[in-house]
Amino acid sequence: MQARRVGEHGLLVLCDDAATVRATYAELRTRARELGATEVVPAARTVLLDGLADPEATSVLLASWELLGPSPDLAGPEVEIEVSYDGPDLDEVAAQWRTDAAGVVRIHQECTFVVAFCGFAPGFAYCTGLPDGLVTTRRSEPRPRVPAGSVALAGEFTSVYPRTSPGGWQLIGATSQRLWLPERAEPALLAPGTRVRFVGIQAR
Amino acid sequence: MTAIEISDPGALTTVQDLGRPGHAHLGVPRSGALDQPALRLANRLVGNEEGLAGLETTLTGIRFRTRGATRLAVSGATCDVRVDGRAMPWGTPISVTDGSLVELGPVITGLRSYLAFAGGVDADPVLGSRSTDLLSGLGPTPLAVGDVLSLGTSYGDPVAAEAVPHPAAPVLRLDLGPRADWFTEAALASLDGSSYTVGAASNRIGLRLIGAALARNRDTELPTEPMVLGALQVPPSGQPVVFLHDHPTTGGYPVIGVVRSADLPVCAQARPGDLLTLRVVAPRRAEQGRQPRS
């Protein structure tokens, strides 16, 4: 693993692609205690180790680690999210994907997504797994208020807004499931590594 | 039950302890007091564990009335402290009786004062912390007129004396990286020793610096990256932002360097208009391109 120093206590591990991030994150999270890291944070092409007492020594250690690459054993828990596909941007996404609204709904349900990383808000999960090349352009004007539970698309990702907030993603549906459960030991329904399937239900 | 009732929260007063690190992978900012040595000091002064929740005020102080007798101490930004109109010492434990009106005046030096109470502020913890996170809305809401905060009941003896630190020099020491290689040689050469003015839009999320733009050597977009406390992130404008405790856990702009943790209290206490000097202490540029062992 190749890593760069981040301040006094951090290391940023560089990865070639999202699959390598997933494998690296799984490995580093398992070994966080051994490494003395207080945070292990994945993102698009990097994984951060923070809170290290001696990042230089950890960097030398990591340089000797060989990742065997993502294996099926890394598959995390699977979560099913019920969606009523009636979002205001379905037609816009359909136009971008060169299909119709029914096509967007079908593709979104057929994919098995994996949470690549979280960010933007507690429990906001960047889920990968759309067919290659299927990307979604953000709205040119973000909405000041996107309701909690909105199922959304942007870039190569899909996500669900855990709480009402401003947002620029394209909205294709909504779920009544809670994404953020601060009273639980695992407060995010969608944590990095979790596999996600979306299931259509009739709007009530 | 001992409590305080807020008469005037000033410009912004929040409940803060040492934050909720360890959840960044779920998108949860660490939050917590911006000037942690100041909060720790105030807690020690009243006889608390260092990490108990206190109040962080901003610029204009706070006014509240006690319900029950308590002991309190003020640290961080200096200000006048009055109990029922009588001047009291800053940086020293003060015993107050039931029904006292406590006033912290506008800051004299610095920006944020810290107020600790014997037993700590007893708000509902979220993920193990009572800190107000202004980015994500976790923790207690910022204080409002009429709010009643109960105080804890477990505390030790106040300390007799404590060395109260002088305000630190207005210097931010930086370790370069992880993305210093995204910037021009000229930007990197000018960084050390350059001065920036603190912008008015600064808050608990970030300290905005206004000065010489830091130019990039490439136009490509950085894939979203994890962000650390103290990161000096450079948006396309070239005007850097220091990430403070409520910072987002990920970001899409390159980080040219990271402010040393010892200098974060300088960021916490810098006012809009203040001049801060950047000082590169660890270039580490030879390490930027380190290759993995084959």
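Just so we're on the same page: letters track the sequence lines, and every chain starts at 1.
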Taking the side chain as C-beta and beyond, is there a heavy-atom pair between A:V160 and A:L189 under 4.5 Å?
no
Got more than 12 heavy atoms from elsewhere within 6.0 Å of CD, A:E183?
yes
Compute the ring centroids of A:Y85 and A:F198, then answer whether they are less than 6.0 Å apart.
no
Which atoms of A:W65 are under 4.5 Å from chain B, going by heavy atoms: the side chain, the backbone, both sets, or neither?
neither
Who among A:A191, A:P192, A:P182 has the most heavy-atom pairs with chain B under 4.5 Å?
A:P192
I'd like to check B:P254 versus B:E225 (side-chain heavy atoms, cut-off strictly below 4.5 Å). Are they in contact?
no
Here the pair of heavy atoms bringing B:D17 nearest to B:S131 is OD1-OG, 2.6 Å
At a heavy-atom separation under 4.5 Å, does A:A121 approach chain B through its side chain, its backbone, both, or neither?
backbone
Among residues 19-26 of chain B, which residues come closer than 4.5 Å to chain A, judged by heavy atom distances?
B:P21, B:G22, B:H23, B:A24, B:H25, B:L26
Those residues that, when tested against B:R130, pass side chain to side chain donor-acceptor pair (under 3.5 Å) (two or more places apart)
B:D122
Do B:S202 and B:R208 meet the criterion of a side-chain donor-acceptor pair at a distance under 3.5 Å?
no
Option from A:T46, A:L11, A:L12 for which side-chain contact (heavy atoms from CB on, under 4.5 Å) with B:P178 holds
A:L12
A:R184, CZ: over 12 other non-hydrogen atoms inside 6.0 angstrom:
yes
Against chain A, residues from residues 133-144 of chain B with at least one heavy atom under 4.5 Å, in numeric order, are B:L135, B:S136, B:G137, B:L138
Strictly below 4.0 Å, N to O, side chains only: are B:R30 and A:E39 in salt-bridge contact?
no
Side chain, backbone, both or neither: which part of A:V6 has a heavy atom under 4.5 Å from chain B?
both
Between B:V258, B:T224, B:L229, B:L222, which shows the greatest number of heavy-atom pairs under 4.5 Å with chain A?
B:T224
Is the shortest heavy-atom distance from the side chain of A:V105 to the side chain of A:L90 under 4.5 Å?
yes
Are B:L278 and B:L232 side-chain neighbours, meaning at least one heavy-atom pair lies under 4.5 Å?
yes
Is a side-chain N or O of B:Q16 found less than 3.5 angstrom from the main chain of B:L55, in a donor-acceptor match?
no
Student check: side-chain heavy atoms of A:E27 and A:M1 closer than 4.5 Å
yes
Is the count of non-hydrogen atoms from other residues, nucleotides or ligands lying under 6.0 Å from A:D17 atom CG greater than 12?
yes
Among residues 122-157 of chain A, those lying within the under-4.5 Å heavy-atom range of chain B are A:P122, A:G123
